[in-house]
Undergrad: 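Let me begin by handing over the structure; questions about it come next.
Convention: sequence-line order gives letters A, B, ...; per-chain numbering from 1. These numbers were taken from a predicted model, which means no experiment stands behind them.
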Number of protein chains: 2
Amino acid sequence: MSLRFALLGLLSDQSMSGYDLTKRFEQSMGNVWPARHSQIYPELNKLNKEGLIEIVAEGPRGRKEYRATEDGRAAVHHWLTEIPTEWSIRSEPMLRSFFLWMLSPEEARTYLRDYRTWFQQRLDGYNEIKQYWTPETEGEKASRVVLEAGVYQAEAAIAWANWALEQYGDTRDSDA
Amino acid sequence: MSLRFALLGLLSDQSMSGYDLTKRFEQSMGNVWPARHSQIYPELNKLNKEGLIEIVAEGPRGRKEYRATEDGRAAVHHWLTEIPTEWSIRSEPMLRSFFLWMLSPEEARTYLRDYRTWFQQRLDGYNEIKQYWTPETEGEKASRVVLEAGVYQAEAAIAWANWALEQYGDTRDSDA
DNA sequence: AAGGACATGTAAAGTGTTACATGATTGT
DNA sequence: ACAATCATGTAACACTTTACATGTCCTT
């Protein structure tokens, strides 16, 4: 169900095509809710048939630009306020960490350094965006708040990786 | 693919039945990779047929206790060292946060307070476990390291929620 | 004129959830 | 005896990924 509300929410803020939405998922949105174009396009057609979104413009190459209807925005509001949040998350990096005991200490440290590096790059990317991006729409202002969550999470992930590296016998601070 | 390695990893540390594994997922493992018994039992039968796990004991009510074979442990090692990690995660709470601009400030604050409360309860639970649980097997020692990741992340989530509450006009520190 | 980006779609396979289904054992 | 827990399984449906499929427009 979440994908449809993700699309409705994005189309409540700005009108966009499926192609634009796909890029959005590849960039920011996919960090918390991945989706491919093969899932997005059929869902848009469903939402359109249900009257939750409407076509506001057509462009070259069959491009269709959608925006959420009043019903669509109401559906997002209902979801946010009445439908209980699914709190549990799915994280393969953390799943893998449960099994670090099956690796040699050196292999485990390699994993933890990769983990740290990945989040460090995220963090660098987020800070870059913070520096050069000025949110304009209401949706972008909220995205800016979520971006900050990414910063907090990445910093926590890096701090944990450093702590875990000590547990796995890392004394140096290589690749920090 | 991840579920099979989660099961193989758990059964590399301790022999367990599908029922035991299901409880494991309801407790610790499900925090990072949820799974129900209806997914676990068929996967165990597949792993058994493939020779990656074997039955070590049978008990009352058709209980079957499994453990990973040498091949099974090798499969986990291969996964951890050779198969690239899927870094992106799936988090409905963060997805919802993208759309807080569609709520009234008071509704947004309610969501953020619920968010903070949920992570605070997680954190309390984690600290409780840290206090009374002494890891014994190698797998449990690694789980202890992952538990610490939960602590870091919950603390970061709470810190972010407090920051976000300020953005959404919260001055008091209610429900902290 | 050619390559890359734009643009949309479907089909098949794989993964995950909910609901259905059954029965044995243990503790009170 | 009854209730709770233990214990396993399947079926239908929903969601997600990968692969297939097609064609247009823009820039150099």
Undergrad: Which of parallel (below 30°), tilted (30 to 60°) and perpendicular (above 60°) describes A/Trp118 and B/Trp87?
TA: parallel
Undergrad: Any non-hydrogen side-chain atom of B/Arg116 less than 4.5 Å from a side-chain atom of B/Asn162?
TA: yes
Undergrad: Between atom CD in A/Glu43 and atom P in C/dT10, what is the gap in whole Å?
TA: 13 Å
Undergrad: Are any of B/Gln39's side-chain N or O atoms less than 4.0 Å away from OP1 or OP2 of C/dT17?
TA: yes
Undergrad: Atom CD of B/Glu58 and atom P of D/dT8: how far apart are they, to the nearest Å?
TA: 10 Å
Undergrad: Checking only heavy atoms, does the side chain of A/Ser38 share a donor-acceptor pair with the base of D/dT16 at less than 3.5 Å?
TA: no
Undergrad: Both B/Leu44 and A/Pro34 contact DNA chain D. Which one's nearest nucleotide lies toward the 5' end?
TA: B/Leu44
Undergrad: Can you tell me how far P of C/dG14 sits from NZ of B/Lys46, to the nearest Å?
TA: 8 Å
Undergrad: Starting the side chain at C-beta, find the nucleotide from C/dC6, D/dT17, D/dT8 nearest to A/Arg36.
TA: D/dT17
Undergrad: Does atom CZ of A/Arg63 have more than 12 heavy-atom neighbours, drawn from other residues, nucleotides or ligands, at distances under 6.0 Å?
TA: yes
Undergrad: For B/Arg24 and D/dA7, what is the distance between atoms CZ and C1' respectively, to the nearest whole Å?
TA: 18 Å
Undergrad: Between C/dG16, C/dA5, D/dT17, which one does the side chain of A/Tyr19 approach most closely?
TA: C/dA5
Undergrad: Could you give the NE2-to-P distance, from B/His37 to C/dT17, as a whole number of Å?
TA: 13 Å
Undergrad: Calculate the interatomic distance between A/Met1 atom CE and C/dG16 atom C1'; express it in whole Å.
TA: 15 Å
Undergrad: Look only at the side chain of A/Thr69 and the backbone of A/Gly51, and say whether a donor-acceptor pair between them is shorter than 3.5 Å.
TA: yes
Undergrad: Using the six-membered ring of B/Trp79, assess whether NZ or CZ of B/Arg4 lies under 6.0 Å from its centre and within 45 degrees of the ring axis.
TA: no
Undergrad: Using side-chain heavy atoms (C-beta onward) and a distance below 4.5 Å, is A/Asn31 in contact with A/Tyr126?
TA: yes
Undergrad: Which ones in residues 82-99 of chain B lie close to DNA chain D, meaning a heavy atom under 4.0 Å from one of its atoms?
TA: B/Arg90
Undergrad: Quick one: is C/dG9 close enough that its OP1 or OP2 comes under 4.0 Å of any side-chain N or O from A/Tyr41?
TA: no
Undergrad: If we count only N and O atoms by modelled type, under 3.5 Å, do the side chains of B/Asp124 and B/Gln120 hold a donor and an acceptor together?
TA: yes
Undergrad: Any residue in residues 60-67 of chain B with a heavy atom nearer than 4.0 angstrom to DNA chain D? Just list them by number, or reply none.
TA: B/Pro60, B/Arg61, B/Gly62, B/Arg63, B/Lys64
Undergrad: Under 4.0 angstrom, heavy atoms only, what part of the nucleic acid is B/Ser2 near: base, sugar-phosphate, or nothing?
TA: nothing
Undergrad: Taking the inter-plane angle between the rings of B/Tyr41 and B/His37 on a 0 to 90° scale, is it parallel (under 30°), tilted (30 to 60°) or perpendicular (over 60°)?
TA: perpendicular
Undergrad: I'd like to know if B/Arg113 and B/Glu106 make a salt bridge, using a cut-off of under 4.0 Å between side-chain N and carboxylate O.
TA: yes
Undergrad: Is a side-chain N or O of B/Tyr111 found less than 3.5 angstrom from the main chain of B/Pro93, in a donor-acceptor match?
TA: yes
Undergrad: Quick one, A/Phe25 and A/Pro34 - any side-chain contact, counting heavy atoms below 4.5 Å?
TA: no
Undergrad: For B/Thr22, report the nucleic acid contact type (base, sugar-phosphate, nothing); a contact means any heavy atom under 4.0 Å.
TA: nothing
Undergrad: Is it the case that B/Arg144 places NZ or CZ above or below the six-membered ring of B/Trp133, under 6.0 angstrom from the centre and within 45 degrees of the axis?
TA: no
Undergrad: At how many degrees, to 10°, do the end axes of the helix from C/dA1-D/dT28 to C/dT28-D/dA1 meet when each uses five pairs?
TA: 30°
Undergrad: Calculate the interatomic distance between A/Asn48 atom CG and C/dG9 atom C1'; express it in whole Å.
TA: 15 Å
Undergrad: Rounded to the Å, how far apart are B/Lys23 NZ and D/dT5 P?
TA: 11 Å
